[in-house]
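Below is one structure, written out as structure tokens, with a few remarks after it.
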2 protein chains.
Amino acid sequence: MKLSTRGRYGTRLMLQLAANYGKDEPLPLTEIARREEISVKYLEQLIIPLKAAGLIESRRGAHGGYVLAKAPDEITIGQILQILEGNISPVPCVKDPSFCIKYETCNTRKLWETMDKAIIQSVCDVTLKDALSA
Amino acid sequence: MKLSTRGRYGTRLMLQLAANYGKDEPLPLTEIARREEISVKYLEQLIIPLKAAGLIESRRGAHGGYVLAKAPDEITIGQILQILEGNISPVPCVKDPSFCIKYETCNTRKLWETMDKAIIQSVCDVTLKDALSA
DNA sequence: ATTTATCCTTCTGGTTTGATAGGAAAAATG
DNA sequence: CATTTTTCCTATCAAACCAGAAGGATAAAT
Ligand code: FES
Ligand code: FES
């Protein structure tokens, strides 16, 4: 039940961008890497899907970098995790019934659905803005 | 953020034992394996730590098998997962501060702690008895 | 032209997962 | 006592996943 470094580093990355939101200059990965002590090369990989999902915009070249595509209170931690970790539900069958052979007669599914809802609520209710001010 | 088969199969195993609770005969793994369509060999591995933790008692030899060591309403799903999956918190640093270098200045820890509490509550409030009657 | 950056693809060592295999020890049965 | 049934114990293994490094192409500013 561990969150991988993708989700954890990605959230830290997004918080840095959130802190920089509204400023003139975009924030380059080199700076984020320095502040968070994560390699640029690894951050590059994480930022690709975040950009593809439309959460981030980029500017290339010198004085380039990244900026949030939306305000910090319009992006939730749940969205970030969903993008970087894939489906975060504890068992696949919650989203994909064909995953479990004994789906029909399963007496544990209700359990995992309860767990799933608790997890989703705990991260989808929180925006970057909330996390920054906390 | 997936629960592994250890936690999922183990919970199903424990639910079978809970359903058998109070009966004269212990339930052998061959029978559980047949009902749940999981190999006996794999179930054997899962049941070792459950027994070591005192949740289960065994009787060897013919007509042997397993019985719950406590009533179904005294065993929670959280206990089972803790035993089979290890620490179920989404990030290790919640339990072990030395895990994260930037522990002191981390701005995401509060987030994961919230998530952790939500997960724990969703499984520790539920007993085998609850899960059976649900 | 040089520098600073994003962008894109690939590779790899290490760990975890999900089992299977083979047999030893104990208890009931005939 | 021999057989069967069952738990008990240890080892092995393929596949998947994780964390990250490497190498270079492209674009913009100076
Ligand atoms: S249906 Fe998927 S765990 Fe039961
Ligand atoms: S201290 Fe562990 S994630 Fe921040």
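Order of the sequence lines sets the chain letters (A, B, ...), proteins ahead of strands, with each chain counted from 1. As the structure is a computational prediction, the values presented were derived from the model and not from experiment.
The stretch residues 24-38 of chain A touches DNA chain C through A:Pro28, A:Leu29, A:Thr30, each having a heavy atom under 4.0 angstrom from the strand. At a non-hydrogen distance threshold of 4.0 Å, nothing from residues 101-111 of chain A comes into contact with DNA chain D. Of the residues in residues 2-18 of chain B, those lying under 4.0 Å from DNA chain C by heavy-atom distance are B:Ser4, B:Thr5, B:Tyr9.
The residue from B:Ile120, B:Asn87, B:Thr11, B:Thr76 that alone fulfils the side chain to side chain contact (heavy atoms under 4.5 Å, CB included) condition with B:Leu81 is B:Thr11.
By the 4.5 Å heavy-atom criterion applied to side chains, B:Val91 and A:Arg8 are counted as neighbours. Using a 4.5 Å heavy-atom cutoff, the side chains of B:Trp112 and A:Ile77 are in contact. The shortest side-chain heavy-atom distance between B:Met1 and B:Pro90 falls under the 4.5 Å cut-off.
Under the salt bridge (Lys or Arg N to Asp or Glu O under 4.0 Å) criterion, A:Glu74 pairs with no residue at all, not counting sequence neighbours. Partners of B:Tyr21 by ring pair (Phe, Tyr, Trp, His ring centres under 6.0 Å), not counting sequence neighbours: none found. With sequence neighbours excluded, the residues that form a salt bridge (Lys or Arg N to Asp or Glu O under 4.0 Å) with A:Arg109 are A:Glu113.
For the helix from C:dA1-D:dT30 to C:dG30-D:dC1, the axis fitted to the five pairs at one end and the axis fitted to the five pairs at the other end meet at an angle of 10° (nearest 10 degrees).
Distance CD1/B:Ile80 to CG/A:Leu111: 8.5 Å, rounded to 0.5 Å. Taking OG1 of A:Thr114 as the reference point, atom CG of A:Asp116 lies at 9.5 Å (rounded to 0.5 Å).
Side-chain atoms of B:Arg6 come within 3.5 Å of backbone N or O of B:Leu84 as a donor-acceptor pair.
Bracketed by its first and final contacts, the part of DNA chain C lying under 4.0 Å from non-hydrogen atoms of chain A reaches from C:dT4 to C:dC8 in 5' to 3' order.
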Under 3.5 Å, which donor-acceptor pairs link side chains of residues 22-41 of chain B to any protein atom two or more places apart or in another chain?
from    : atom 1 : to      : atom 2 : distance (Å)
B:Glu31 : OE1    : B:Arg34 : NE     : 3.4
B:Glu31 : OE2    : B:Arg34 : NH2    : 2.8
B:Glu31 : OE2    : B:Arg35 : NE     : 2.7
B:Glu31 : OE2    : B:Arg35 : NH2    : 3.4
B:Arg35 : NH1    : B:Gln16 : OE1    : 2.7
B:Glu36 : OE1    : B:Arg12 : NE     : 2.8
B:Glu36 : OE1    : B:Arg12 : NH2    : 3.1
B:Glu36 : OE2    : B:Gln16 : NE2    : 2.8
B:Ser39 : OG     : B:Tyr42 : N      : 3.1

Could you go through residues 49-68 of chain B and list every donor-acceptor pair under 3.5 Å that involves a side-chain atom there, pairing it with any protein atom two or more places apart or in another chain?
from    : atom 1 : to      : atom 2 : distance (Å)
B:Lys51 : NZ     : B:Ser58 : OG     : 3.1

In a table with atom names and distances, give each donor-acceptor pair under 3.5 Å that connects a side chain of residues 122-133 of chain B to protein atoms at least two apart or in another chain.
from     : atom 1 : to       : atom 2 : distance (Å)
B:Ser122 : OG     : B:Ile119 : O      : 2.7
B:Thr127 : OG1    : B:Lys129 : N      : 3.3
B:Thr127 : OG1    : B:Asp130 : N      : 3.1
B:Thr127 : OG1    : B:Asp130 : OD2    : 3.1
B:Asp130 : OD2    : B:Thr127 : N      : 2.9
B:Ser133 : OG     : B:Lys129 : O      : 3.2
B:Ser133 : OG     : B:Asp130 : O      : 3.2

Mark up nucleotides 8-13 of chain D, 5' to 3', with B wherever a protein heavy atom is under 4.0 angstrom from a base atom, S wherever such an atom reaches only the sugar-phosphate, and - elsewhere. BB-B--
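Nearest heavy-atom pair across B:Cys93 and B:Tyr103 is O-CE1, 3.9 Å.
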Going through the checks in order, is the side chain to side chain contact (heavy atoms under 4.5 Å, CB included) test met by A:Met14 and A:Ile75? CA-CA 9 Å; A:Met14 289 297 278; A:Ile75 299 176; 4.2 Å; yes
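Within 6.0 Å of the CD atom in B:Glu44, the count of heavy atoms belonging to other residues, nucleotides or ligands exceeds 12.
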